[in-house]
Student: 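Questions regarding the structure given below will be posed in turn.
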Amino acid sequence: MSAATGTPAPRRMTYREACKQAIRAAILADPRVFLMGEDVARYGGCYAVTKGLAAELGEARIRDTPLSENGYVGAGIGAAIAGMRPIVEIMTVNFSLLALDQIVNSAATIPHMSGGQFAVPLVIRMATGAGLQLAAQHSHSLEGWYAHVPGLKILAPATVEDARHMLQPALDDPNPVLIFEHVMLYNREDELEPSITGVDIVSAKIRRPGRDITLVTHGGMLFKTLEAAAVLHEEGIEAEVIDLRVLRPLDMATILGSVARTRRVVIVDEGWKSGSLSAEVAARIADEAFYELDAPIRRVCSREVPIPYSAHLEKAALPQTPAIVAMARGLVKGG
Amino acid sequence: MNDKVHLDHEHVRDLLTAMLRIRRFEEKCFELYQSEKIRGFMHLYDGEEAVSVGVIEALEPKDAIVATYREHGQALARGIEMNALMAELYGKQEGCCRGRGGSMHVFDRATRFYGGNAIVGGGLPLAVGTALGDKMLGRSAITACFFGDGAVDEGSFHESMNLASLWKLPVLFVCENNLYSMGMALERAEAETHIARKAAGYSVASAAVDGMDVVAVEVAARRAIAQIHATSTPYLLECQTYRFRAHSMFDAQLYRTKPEIETWRKKDPVRQLQAWLEQSGMLHADEITGIEADIAAEVGAAVAFAEAGTWEPVEELERFTIMDRVPQ
């Protein structure tokens, strides 16, 4: 508490801690909410998000599962239909492919296929992205695949505030919501304003305003993109940075509004280019704002390779700040 | 929990009626498919009626059901109105799923009927979940999960058996072993063809039963459900059955012989029960004629209902893709 104002002071915490507090608060607030996944209870979560929660909340509400992704994700769907509000944690997006059947064939279809008789109010959280030298089976960014599927909502909290506050509206939503947490964000720290109690899960956010070019990004790429914007500022280029936050449905109004002002856009996405979320954003801008543009739509994405182990190769495979700067500079100066 | 089956007049009449309703309904479906009133994939249950009727007879209204794409039998036995089911097969909005699901995706909120799943093995994890949800919410309901022998090939069978056992969940796993997963014979797909035995690997109790004998199925199901309630553990019931017709409407049946089919037809669950009831004097021929007439009228009415049904407006195509609330 601040003695001068009587209002709680901002608290500094990590993204990991924010995820944990969000889960704890949701479970304490609603007896229907529980979390299950591999090593979430006694181990404390493979990224230590749920460390200590089982001791406080019990192993029925923080439930360890066997290594059966398709089984326990399906069980989460069934429990949601039966009236619970499960949070299912999958260690990484690569492992979620073992549950792709249940996510795409059941969770996403049952409401529509049943003629609206059943909703699937389920939250699935998972880590995504590269940067820890975990090689090709733990490092991919496949959130764009899920954003392809009607019936799902896809969130990518990048900030501590979003990590803390996007879970509750996701649980309140009657649809299956997938939350992607980039592995390089867990240790990031920021101030969390106690006065903020809720944030939406519908809109993109302008994280840095600028007049010369729009940089559209999400998740783990947000901070490299903000770094790029800072470098560009030194060069006299004012970049506007949009954090998508919600990958499905896309908040095109925010993107198009920005592009209408800046007339130039670069999309920064850790996913691959081919058949990707960045391709979708680019196509929609081309569809809806072609005549607003003064330059071609450009993308900075991962190289089209499985993410390698070796640090220098991993770094080379991923979008880096200098590449974002160069792409933006080229569009502004050359365009 | 009553695990006894009293074979009084009313009960045997109900069993025969339930099986005949499915048989006659599907005979009409076959005709309607030929005349292109019904399209898409349609999988008939001819020969397997005793399984759904016997098991569902042992369920209570509070219990949940998860079924497969061959689920007309379960739907009718559970009490989904024949009109709504036929309209669904027609693709009309008066269908139980507004015509969005069709033959393979029957859902019904009122009877806790959770599909109609056309991914082989896809329903098993869902059944684990409904049982988990019921248990966490303090309900005493069980989930009956129907699946075929082909689902046993899938990882989801093994994951689900383990999860249900590990978490002590009230799931009655009902394997409708009709010996073929589409055209793949059981002995060509499974190293261990005694499906009930697989339960031991997950510390799950199990039994195999003659799935052509509706009374035997009901007795076995009641026994299994009593054990589920008494021990808070799942149970695997393997019902050994056979489908007399093709896998779906696109199947030349090159994988099995006519003599094999004829041998199994002699075990027809409907004819077996009917013959036994007539011979034992429990049901007179007149009464059966009356049952048949009632069913014929019901099927006729269902066809008329479906014919008179309407198409969901195309403007509603996207409705329910994203829900605005959880239906209560």
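Here is the naming used below: chain letters follow the sequence lines, and residue numbers restart at 1 for every chain.
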Student: Which bit of B:Leu169 comes within less than 4.5 Å of chain A, counting heavy atoms only: side chain, backbone, both or neither?
Tutor: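 Neither part.
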Student: Most heavy-atom pairs under 4.5 angstrom with chain A, which of B:Glu312, B:Arg98, B:Met323?
Tutor: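 The option with the most such pairs is B:Met323.
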Student: So, B:Glu176 and B:Gln74: side-chain donor and acceptor under 3.5 Å apart, yes or no?
Tutor: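 A pair is found: one side chain offers a donor N or O, the other an acceptor, under 3.5 Å apart.
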Student: A side-chain contact here means heavy atoms from C-beta on lying under 4.5 Å apart; do A:Met126 and A:Thr92 qualify?
Tutor: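 Result no, sub-4.5 Å side-chain heavy-atom pair not found.
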Student: Which members of residues 150-160 of chain B, sorted by number, sit under 4.5 angstrom from chain A on a heavy-atom basis?
Tutor: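 Those residues of residues 150-160 of chain B which have a heavy atom under 4.5 Å from chain A are B:Ser156, B:Glu159.
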Student: Carefully, step by step, assess B:Tyr235 and B:Phe173 under the rule ring pair (Phe, Tyr, Trp, His ring centres under 6.0 Å).
Tutor: CA-CA 6 Å; B:Tyr235 194 103; B:Phe173 292 102; over 10 Å; no
Student: Are A:Arg63 and A:Glu59 ion-paired here, with the side-chain N under 4.0 Å from a carboxylate O?
Tutor: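 Salt bridge absent between A:Arg63 and A:Glu59.
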Student: Picking from B:Gly116, B:Ala110, B:Pro125, B:Gly101, which has the most non-hydrogen pairs under 4.5 angstrom with chain A?
Tutor: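 Most heavy-atom pairs within the cutoff with chain A belong to B:Pro125.
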Student: Would you mind reporting whether B:Cys29 and B:Met86 have side-chain heavy atoms less than 4.5 Å apart?
Tutor: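 The answer is yes; the side chains approach within 4.5 Å.
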Student: Let's test your reading of the structure: which of A:Asp172, A:Asn70, A:Ile77 forms the most heavy-atom pairs below 4.5 Å with chain B?
Tutor: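 With the most close heavy-atom pairs to chain B, the winner is A:Asn70.
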Student: Chain A heavy atoms under 4.5 Å from B:Ile119: which part of the residue, side chain, backbone, both or neither?
Tutor: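 Side chain only.
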Student: Report the relative orientation of the aromatic rings in B:Phe250 and B:Tyr33; use parallel for angles under 30°, tilted for 30 to 60°, perpendicular for over 60°.
Tutor: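 Rings of B:Phe250 and B:Tyr33: perpendicular, as their planes differ by over 60°.
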Student: For a quick check under 3.5 Å, do B:Thr310 and B:Glu94 share a side-chain donor-acceptor pair by atom type?
Tutor: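 Indeed, the side chains of B:Thr310 and B:Glu94 share at least one donor-acceptor pair under 3.5 Å.
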Student: Counting only heavy atoms closer than 4.5 Å, note whether A:Ser106 contacts chain B via side chain, backbone, both or neither.
Tutor: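 When you check distances to chain B, only side chain atoms of A:Ser106 fall under 4.5 Å.
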Student: Considering only heavy atoms, which portion of A:Arg248 lies under 4.5 Å from any heavy atom of chain B: side chain, backbone, both, or neither?
Tutor: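 Neither; nothing under 4.5 Å.
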Student: Pick one of side chain, backbone, both or neither for A:Gln117, based on which atoms fall under 4.5 Å of a heavy atom in chain B.
Tutor: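 For A:Gln117, the contact with chain B is made by backbone and side chain together.
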Student: Could you tell me which portion of A:Thr65 (side chain, backbone, both or neither) has an atom closer than 4.5 angstrom to a non-hydrogen atom of chain B?
Tutor: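 For A:Thr65, heavy atoms of backbone and side chain both lie under 4.5 Å from chain B.
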Student: Please determine, among A:Ala80, A:Ala60, A:Pro66, A:Ala108, the option with the most heavy-atom pairs under 4.5 Å with chain B.
Tutor: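 Top option by heavy-atom pairs under 4.5 Å: A:Pro66.
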Student: Can you tell me if B:His43 and B:Ser103 form a side-chain donor-acceptor pair at under 3.5 Å?
Tutor: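 Result is no, nothing qualifies.
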Student: For A:Glu181, is there an ion pair with A:Arg125 - N to carboxylate O distance below 4.0 angstrom?
Tutor: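 Judged by the 4.0 Å cut-off on N to carboxylate O distance, A:Arg125 and A:Glu181 do form a salt bridge.
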Student: Going by residue number, which parts of residues 142-150 of chain A are within reach of chain B, meaning a heavy-atom gap below 4.5 Å?
Tutor: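 Interface residues of residues 142-150 of chain A: A:Pro150.
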Student: When you compare the side chain of A:Phe34 with that of A:Pro86, does any pair of heavy atoms fall below 4.5 Å?
Tutor: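 Yes, their side chains come closer than 4.5 Å.
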Student: B:Asp108, B:Leu166, B:Asn117: which one forms the most heavy-atom pairs within less than 4.5 Å of chain A?
Tutor: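 Of the candidates given, the most pairs with chain A belong to B:Asp108.
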Student: Under 4.5 Å heavy-atom distance to chain A, tell me which part of B:Arg325 shows up: side chain, backbone, both or neither.
Tutor: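 B:Arg325 touches chain A through backbone heavy atoms alone.
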Student: Less than 4.5 Å to any heavy atom of chain A: does that hold for the side chain of B:Arg139, its backbone, both, or neither?
Tutor: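 For B:Arg139, the side chain is the part near chain A, not the backbone.
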Student: As a test of understanding, state which of A:Arg24, A:Lys20, A:Lys51 forms a salt bridge (charged side-chain N to carboxylate O under 4.0 Å, His left out) with A:Glu56.
Tutor: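 Output: one option passes, namely A:Arg24.
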Student: Answer yes or no for B:Lys135 and B:Trp167: cation-pi contact, defined as NZ/CZ to six-membered ring centre under 6.0 Å and angle to ring axis within 45°.
Tutor: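 Because its charged atom misses either the 6.0 Å distance or the 45° angle limit, B:Lys135 does not stack over B:Trp167.
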Student: Counting heavy-atom pairs closer than 4.5 Å to chain B, which one of A:Ile110, A:Val73, A:Thr109, A:Leu98 comes out on top?
Tutor: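 Most pairs with chain B among the choices: A:Ile110.
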Student: Using ring centroids (six-membered ring only for Trp), state whether A:His138 and A:Phe95 fall under 6.0 Å.
Tutor: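 Centroid distance A:Phe95-A:His138: below 6.0 Å, so yes.
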Student: Among B:Gly102, B:Ala141, B:Cys96, B:Gly95, single out the residue with the greatest number of heavy-atom pairs under 4.5 Å to chain A.
Tutor: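 Looking at each of B:Gly102, B:Ala141, B:Cys96, B:Gly95 in turn, B:Cys96 comes out on top.
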Student: Among side-chain atoms of B:Asn177 and B:Glu238, is any donor-acceptor pair under 3.5 angstrom?
Tutor: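 Result is yes, a qualifying pair exists.
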Student: Is any NZ, NE, NH1 or NH2 atom of the basic residue among A:Arg245 and A:Asp251 found under 4.0 Å from an Asp or Glu carboxylate oxygen of the other?
Tutor: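 Result for this pair is no, no salt bridge flagged.
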Student: Indicate yes or no: does A:Asp173 engage A:Lys153 in a salt bridge with an N to O separation below 4.0 Å.
Tutor: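 Here A:Asp173 pairs with A:Lys153 in a salt bridge, since their nearest N and O are under 4.0 Å apart.
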Student: If you measure only the distance, is there a donor-acceptor pair under 3.5 Å linking the side chains of B:Glu307 and B:Tyr90?
Tutor: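 Indeed, the side chains of B:Glu307 and B:Tyr90 share at least one donor-acceptor pair under 3.5 Å.
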